Protein chains: 2
Amino acid sequence: MSENCEFTKVLEILGGKWKPSIMYQLFMNGTMRFSELQRALPEITKKMLTTQLRELEYHDIVNRKIYMQIPPKVEYSMTEHGSSLTPVLMAMNDWGKAHLEHLHSLHGERQPEQEVVSENVNNDIVEIEAK
Amino acid sequence: MSENCEFTKVLEILGGKWKPSIMYQLFMNGTMRFSELQRALPEITKKMLTTQLRELEYHDIVNRKIYMQIPPKVEYSMTEHGSSLTPVLMAMNDWGKAHLEHLHSLHGERQPEQEVVSENVNNDIVEIEAK
DNA sequence: CAGCATCCTTATTGATACTG
DNA sequence: CAGTATCAATAAGGATGCTG
């Protein structure tokens with residue numbers, strides 16, 4: 001049951017190549033039309049933008065407001081429930097910045113040293129059986 | 001540059017089918033051997049456990065301590081840097097619980113109602129050109 | 001304008017067998 | 001015990017064209 005708390009599920013909900021960027025846009029700009037999102041995220045395709053938005057909508061993170069008119073107009077925005085993600089995103093963002101600096105000091109050049117503890121055991125049985 | 005802050009990158013680091021579970025185990029149990037993790041996560045294969053651990057290690061989130069002995073013994077634990085993820089995980093966990101309840105009230109049965117705003121425009125041009 | 005349908009490519013995950 | 005290597009299956013993402 002609680003093999004890993006809710007943590008895994010949240011990652012699944014937030015995961016997806018473009019979801020973070022979409023949420024970021026909506027947080028910054030409030031309400032945006034489909035085409036505005038496309039302009040803001042030039043590399044995403046229409047298909048992906050649609051599917052990622054639909055998933056976010058399914059989880060009640062973004063709101064989809066359809067204007068019945070020609071030409072069509074659809075506006076997206078964070079729902080109230082989606083806005084409750086703010087502390088999560090803030091925490092991730094803060095950690096991300098610290099992490100980046102930290103990694104630079106580590107991976108600036110090389111791998112982190114392997115920590116090898118040579119106990120060269122005599123308390124443990126060498127039991128590699130031959131075939 | 002800052003199209004989406006650090007948010008996307010953090011998701012990439014934390015993303016992976018088993019990483020959350022692994023981190024959770026290490027947070028709860030402190031130090032664990034490879035085989036202990038396997039027992040705790042019965043569905044993960046050795047290959048996946050290895051690769052996910054290696055990725056976490058690369059980002060200095062988990063520590064790998066090798067005992068040079070026969071039979072081999074390797075212990076994993078959260079690094080100090082990895083422990084700094086605690087606020088992030090807590091935030092996600094809290095949100096996850098609230099989210100779960102929230103979703104039950106929504107998706108208990110049906111899709112959320114489409115919010116359709118019928119403005120039936122007259123301020124916008126109907127410009128669907130015929131072929 | 002805001003999609004959906006189809007087909008295709010790449011990435012992630014998994015099964016299985018072998019090794020120091 | 002703690003892996004690696006190889007191959008197979010699945011899932012995620014992308015290109016392109018069509019539609020109301």
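Naming convention: chains lettered A, B, ... in sequence-line order (proteins, then strands); numbering from 1 in each chain. No experiment lies behind these values; they were computed from the predicted model shown.
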Charged N-O contact under 4.0 Å between Arg33(B) and Glu36(B): no
Mind listing the side-chain donor-acceptor pairs of residues 47-54 of chain B below 3.5 Å, one per line with the distance, residues two or more places apart or on another chain?
{"unit_1": "Thr50(B)", "atom_1": "OG1", "unit_2": "Lys46(B)", "atom_2": "O", "d": "2.7"}
{"unit_1": "Thr51(B)", "atom_1": "OG1", "unit_2": "Lys47(B)", "atom_2": "O", "d": "3.3"}
{"unit_1": "Thr51(B)", "atom_1": "OG1", "unit_2": "Met48(B)", "atom_2": "O", "d": "3.1"}
{"unit_1": "Gln52(B)", "atom_1": "OE1", "unit_2": "Trp18(B)", "atom_2": "N", "d": "3.1"}
{"unit_1": "Gln52(B)", "atom_1": "OE1", "unit_2": "Lys19(B)", "atom_2": "N", "d": "3.1"}

Under 4.0 angstrom between Tyr76(B) side-chain N/O and dC1(D) OP1 or OP2: no
Ring centroid separation Trp95(A) to His81(B) under 6.0 Å: yes
Phosphate contact (dC1(D) OP1 or OP2) by Arg33(B) side-chain N/O below 4.0 Å: no
Distance in angstrom units between Leu14(A) CG and dA12(D) P, rounded: 15 Å
Interatomic distance, Trp18(B) CH2 vs dT12(C) C1' [rounded to whole Å]: 13 Å
Interatomic distance where CE belongs to Met32(B) and P belongs to dC1(D) [whole Å]: 14 Å
side-chain N/O Arg54(A) vs dC4(C) OP1/OP2, d < 4.0 Å: yes
Atom-pair distance (CG on Leu53(A); C1' on dA2(C)), nearest Å: 11 Å
base_contact_polar (dG14(C) base, Lys47(B) side chain, donor-acceptor, <3.5 Å): yes
N/O (side chain, Ser35(A)) to phosphate O (OP1/OP2, dA2(C)) under 4.0 Å: yes
Gap between atoms NZ and C1', on Lys46(B) and dT4(D) respectively (whole Å): 10 Å
Arg64(B) vs dG3(D): side-chain N/O to OP1/OP2 distance below 4.0 Å: yes
Where Tyr76(B) and Val62(B) come nearest, the two heavy atoms and their spacing: CD2-CG2, 4.4 Å
Whole angstrom value for the distance that separates C1' of dG14(C) from CG of Leu41(B): 15 Å
Short side-chain N/O contact to dG14(C) OP1/OP2 from Lys17(B), under 4.0 Å: yes
Where Leu14(B) and Pro20(B) come nearest, the two heavy atoms and their spacing: O-CD, 4.1 Å
Separation of dC1(D) P from Ile66(B) CD1 (nearest whole Å): 17 Å
Short side-chain N/O contact from Gln52(B) to OP1 or OP2 of dT13(C), under 4.0 Å: yes
Atom pair distance, as rounded to whole Å: CD in Glu75(B) and P in dC1(D): 14 Å
Contact nearer the 5' end of DNA chain D, comparing Pro72(A) with Met48(A): Met48(A)
